[in-house]
Amino acid sequence: MTVILQIGKLYQSDMNKDQDTKHIIRLLDNEPVGQIVQVVRVIGEGAFRQRLLEMGFVRGAKVTVLKNAPLKDPVEYMIMGSHISLRHSEAAQVEVTDKDAEFCDMEDAFNGIVETTVAGVDPMADNVLRVALIGNPNCGKTSFFNNVTGAKEKVGNYGGVTVDSKEGWFNIGGRKVQLVDLPGTYSLTEYSPEEMYVRTYIRDNHPDAILNIVDAGNLERNLYLTTQIMDMNIPLVIALNMWDELEKSGDKLDVEMMSRLLGAKMVPMTAYNGHGVKEVLEATMAAIDESEQDTLHHNVNYGTLIEDNLSELGKMCPTLDRYTVLKIIENDQHAIDLLNGQDNAELIKKTADEMRQRIERNFNDDIVSIVTDLKYGFVRGALAEALTPNPERITGETKPGYSMDRLLTNRWLALPILLALMWLMFEATFTLGAYPQGWIENGIGWIGEWIGNAMPDGILKDLIVDGIIGGVGGVLVFLPQILILFFFISLLEDSGYMARAAFIVDRIMHRVGLHGKSFIPYLIGFGCGVPAIMATRTLENRRDRIVTILTIPFMSCSARLPAYLLLVAAFFTAKQGLILMSIYLIGILVAALTAIFLSKTILKHDKTQFVMELPPYRKPTARNATIHMWSKGKQYLQKMGTVILAASIIVWALGYFPRHEGQTPQEQIENSYMGMMGKAIEPVVAPLGFNWQMGVSVLTGAAAKEIVVSTMGVLYTGETDANEESSSLKEKLQTATKPNGENVFNSIVAYSFMLFILLYFPCIAALAAIRREAGTKWMIFEIIYTTAVAWIVSFLFYQIAIRF
Ligand code: GDP
Ligand code: MG
């Protein structure tokens with residue numbers, strides 16, 4: 001039955017002339033669910049093709065078609081034990097054939113390693129011992145980092161949680177070592193911003209050792225990155241993380257042999273409970289110590305032809321490492337740019353061109369797939385020796401916990417479940433949070449009263465009671481709700497559901513010209529726009545990134561929540577959860593319309609690609625969720641201690657001065673600087689149903705959205721008679737009246753106000769993030785655009801609603 005295939009061609013082997021089995025080459029896109037096929041090649045060219053190759057779509061790799069997304073597109077495939085999502089249009093780029101076809105050159109791909117002598121270095125030359133953590137997304141780098149440094153970084157179960165590097169310190173054997181948690185990457189080809197970041201970091205900072213963390217349950221794919229790191233000639237230790245999962249799966253790995261085959265020390269580890277962490281650190285220190293002497297460094301052996309060319313070209317550019325030399329042969333622009341300024345740059349380029357042509361002729365393939373094939377061949381060869389898969393496992397079997405995927409991405413149930421989960425999250429935030437909120441409210445009222453009684457009258461007392469306690473206290477009461485919201489977001493991330501959400505909604509996101517991956521930054525945006533804007537770095541396409549960045553502020557962040565909670569509680573008695581949710585949905589709608597508008601006009605986009613890994617489902621741990629919740633809570637408190645405190649004092653002062661003798665508190669505020677400002681903008685906000693106090697709140701809320709509430713606190717509690725029984729801000733708003741005796745607020749005004757808060761001017765911090773990620777031009781665009789949209793939407797709502 002053996003038929004030998006060559007790239008693009010199909011013919012029968014001589015040995016099997018009598019049998020007429022043919023393996024027809026087809027496109028992956030047309031394969032039915034449940035089918036297992038073998039990759040022949042990826043057609044096309046460019047970055048997308050490279051990404052597919054690196055994700056494991058190399059000749060001979062087995063692919064299982066797992067399922068269509070609920071909206072039919074994209075499709076989930078399993079390759080090399082991991083789950084990948086591809087759109088139909090992309091799967092149409094992959095040629096496949098029957099799973100039992102045999103390829104002629106699979107066996108001779110493993111040539112073992114070659115050794116290079118690397119001169120000894122003094123690791124303490126710059127007084128710092130530096131270890132860089134490198135690995136695929138989701139392999140457990142951050143868990144390890146937190147375990148070792150005691151830091152409380154956010155751990156997540158989808159790509160892109162870590163987009164910047166984080167530095168921490170640990171002590172070992174009396175030495176202090178800096179550990180750097182780099183963003184997760186599948187490769188160092190500098191195709192995505194993460195890859196660029198990691199590559200540049202290594203080149204510019206020369207870490208004393210690289211600690212490559214790999215998922216032991218998915219070695220084939222994870223070790224591809226390792227083959228690139230090996231060529232950088234930096235001391236390398238490999239931590240086999242998720243060892244617990246490997247053991248559970250019943251697979252057996254001979255760690256000793258694997259270390260020998262790859263020529264790098266490997267150590268089993270389970271990062272999330274700390275098993276093996278100490279051994280990993282010791283091995284890393286040993287590798288650094290060794291590097292003081294000349295050492296033999298181990299590299300992938302690419303076979304005689306390529307090796308000869310590598311050493312020949314290597315002699316022409318002795319300052320470059322083997323990785324870069326190979327990249328120059330591969331005609332990689334980033335690597336070629338490194339030659340700039342070198343006298344023999346032109347000669348090197350010419351030589352590399354000749355070499356490339358010779359290699360391509362010899363292998364009858366293009367250089368990118370040749371090198372990728374060889375690297376995967378090396379990894380497979382080593383695994384064939386050292387890994388014994390559990391014989392009871394069937395190929396194409398999914399990871400434990402995957403069975404619930406059938407429900408979560410079910411054709412009919414997926415979207416209702418997604419919406420229900422979001423609703424549950426917001427409803428729980430609202431109702432559960434109300435209890436601790438009541439206690440905090442009472443506590444603050446009591447403190448205010450106590451200080452009010454204990455201190456002599458005067459400016460200082462007014463500042464403390466009305467400015468600080470009134471302002472900061474009004475925001476502090478929302479801490480429980482914010483903690484609950486982040487607790488839920490953390491559970492969704494950790495369990496692996498976030499990536500499924502992207503899978504489910506990709507088709508919809510595609511409609512508005514975006515990628516399912518944008519969904520993740522959007523969801524983070526419900527917490528806070530700043531990390532959300534940073535998380536857009538996971539998007540490979542710059543246009544997608546900018547559209548996503550500009551629309552994230554419409555995802556209602558948690559800082560706006562206090563204002564909604566206050567207004568909903570005060571002016572809506574029934575269906576509070578639904579009212580709150582409607583605000584969030586309107587934000588989403590405006591974001592969608594904006595995205596469509598942008599991608600049809602200023603930011604016309606080319607086809608974006610949806611190669612996304614779907615991480616295995618994992619049981620979220622209470623520890624992670626708590627760490628995440630706590631770090632958010634801390635950020636919130638810090639923001640309160642600084643920005644909000646300062647703003648509350650400023651807002652209070654603007655309302656307190658200039659002092660006039662013999663005025664009622666009401667008149668005092670009205671004639672204050674703040675009152676003047678509010679009055680000045682009143683004509684602009686009056687058509688939205690706002691009075692000047694609300695205008696002032698909106699102005700001060702530009703600094704941070706929480707301040708909307710604290711301003712209202714100052715404005716309305718400032719009106720109270722000191723002897724009056726203290727009542728909450730909510731009651732103050734309910735009873736506030738206009739000069740003509742009408743109520744200032746009613747449900748229409750409150751809703752119009754909420755719409756405005758939802759849509760207008762993102763806070764200062766978010767604008768700073770937009771400027772950093774997209775540039776000043778887009779930041780200015782954003783300021784004008786959001787404020788105009790807010791005004792128009794509130795105007796339309798208010799003017800229409802009051803007529804019914
Ligand atoms: P990073 O993306 O490489 O930084 O990975 P994270 O540290 O964020 O971890 C990704 C997921 O893997 C999280 O859900 C962790 O709880 C989980 N995880 C980390 N280490 C282990 C481990 O040793 N065993 C198991 N079973 N899960 C782990
Ligand atoms: Mg991480």
Side-chain angles (χ1 to χ4, degrees), residues 81-83 132-168 179-187 192 194-195 197-198 210-219 221-222 225-226 229 238-249 251 253 266-280 399-402 489-500 517 520 524 531 534-535 537-538 612-628 631:
S82 51
H83 297 234
L133 282 183
I134 301 186
N136 284 7
N138 285 314
C139 63
K141 285 182 306 303
T142 304
S143 305
F144 174 82
F145 181 85
N146 287 349
N147 189 303
V148 171
T149 63
K152 304 231 177 319
E153 289 304 338
K154 188 166 134 202
V155 176
N157 192 16
Y158 66 88
V161 169
T162 317
V163 273
D164 258 325
S165 64
K166 276 154 204 124
E167 288 159 14
L179 191 65
V180 186
D181 183 18
L182 290 166
T185 57
Y186 297 108
S187 143
S192 71
E194 284 94 355
E195 290 170 4
Y197 190 97
V198 175
I210 291 179
L211 180 52
N212 177 204
I213 301 202
V214 298
D215 173 355
N218 194 350
L219 285 172
R221 244 275 304 291
N222 275 250
L225 177 65
T226 312
I229 302 173
I238 299 167
L240 296 162
N241 193 32
M242 317 238 178
W243 192 253
D244 56 329
E245 289 188 0
L246 181 87
E247 285 186 324
K248 228 184 285 162
S249 75
D251 293 355
L253 180 71
M266 287 190 156
V267 188
M269 172 174 94
T270 303
Y272 77 161
N273 64 19
H275 280 290
V277 167
K278 198 167 132 264
E279 288 76 5
V280 167
K399 291 236 157 112
Y402 187 74
I489 290 181
S490 168
L491 290 184
L492 292 182
E493 281 176 0
D494 255 14
S495 61
Y497 184 74
M498 281 284 214
R500 267 66 191 193
K517 265 187 177 175
I520 293 161
I524 300 175
M534 299 199 36
R537 291 192 195 169
T538 49
M612 181 178 72
E613 181 169 9
L614 300 164
Y617 287 99
R618 292 205 167 89
K619 231 191 6 246
T621 61
R623 184 171 172 266
N624 261 344
T626 317
I627 286 178
H628 188 189
S631 76

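Remember, it's 1-based here, ligands and their atoms both numbered in the order they're listed. This is a predicted model, so every value here is computed, not measured.
- Considering backbone and side-chain atoms together, K141 places an N or O closer than 3.5 Å to an N or O of ligand 1.
- The contact set between ligand 1 and T270, taken as ligand atoms under 4.0 Å from a residue heavy atom, comprises 22 (C), 23 (O), 24 (N).
- Residue E245 approaches ligand 1 through these ligand atoms, each under 4.0 Å from one of its heavy atoms: 25 (C), 26 (N).
- In this structure, I134 and K141 approach most closely via the heavy-atom pair C-CD, 3.8 Å.
- N241 contributes a side-chain N or O that, together with a main-chain N or O of A271, makes up a donor-acceptor pair within less than 3.5 Å.
- Considering only heavy atoms from C-beta on, N136 comes within 4.5 Å of L225 through its side chain.
- Of all the atoms in ligand 1, the ones that sit under 4.0 Å from a non-hydrogen atom of T142 are 1 (P), 4 (O), 7 (O).
- Taking a cut-off of under 4.0 Å to the non-hydrogen atoms of S143, the atoms of ligand 1 that pass are 6 (P), 7 (O), 9 (O), 15 (C), 19 (C).
- Set against the non-hydrogen atoms of D244, the atoms of ligand 1 under 4.0 Å away are 22 (C), 23 (O), 24 (N), 25 (C), 26 (N).
- Looking at R500, its side chain never comes within 3.5 Å of a backbone N or O of Y617 through a donor-acceptor pair.
- Residues L211 and F144 form a side-chain contact, since some pair of their non-hydrogen atoms from C-beta on lies under 4.5 Å apart.
- Of all atoms in ligand 1, listed by their number and element, those nearer than 4.0 Å to a heavy atom of C139 are 3 (O), 5 (O).
- Counting heavy atoms closer than 4.0 Å to ligand 1, residue R618 contributes side-chain atoms (C-beta onward) but none from N, CA, C or O.
- N222 places a side-chain N or O within 3.5 Å of a backbone atom of N218 that can act as its donor or acceptor partner.
- Of the possible donor and acceptor atoms, none in the side chain of D244 sits under 3.5 Å from a partner among the backbone N and O of T270.
- Comparing G140, A271, G276, G184 against atom 23 (O) of ligand 1, the shortest heavy-atom distance belongs to A271.
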